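Structure record follows, encoded as structure tokens.
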Amino acid sequence: MPPVMGAAAFIIPEFIGGTYFDVVKAAFIPGFLFYAALYMVVSLQAGKYRLQGCQIRGSSAGEADQ
């Protein structure tokens, strides 16, 4: 879930009288949307500045270390 939810996720059930699982169910969709939006923004910014991934010296992309 979003980083700010850390300790609060364990405190919220005490206040609402529910379980931790109730909090997880309620926070799943906002958490997913948070990370999806973060991925999209980073991807769009990388495309805007024409950034590409780095290649490790001595190996090609997709080659497994042995």
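Quick note: numbers below take in every heavy atom, side chains included, and nothing from hydrogens, waters or symmetry partners. Here the structure is a predicted model, which is why all the values come from computation and not from measurement.
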Heavy-atom closest contact (Ala9 atom, Pro13 atom, distance):
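For Ala9 and Pro13, the tightest heavy-atom pair comes out as O-CD, 3.2 Å.
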Other ILVMFWY residues reachable from Ile11 by side-chain steps of under 4.5 Å
Phe15
If I take atom CZ from residue Phe28 and atom CZ from residue Phe32, how far apart are they, to the nearest 0.5 angstrom?
7.0 Å
Could you pull out every donor-acceptor pair under 3.5 Å between side chains of residues 41-49 and any protein atom, sequence neighbours left out?
none

Output every pair passing side-chain hydrogen bond (donor to acceptor under 3.5 Å, both in side chains) with a member in residues 16-32, not counting sequence neighbours, ordered by first then second residue.
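Only Thr19-Asp22 qualify under side-chain hydrogen bond (donor to acceptor under 3.5 Å, both in side chains).
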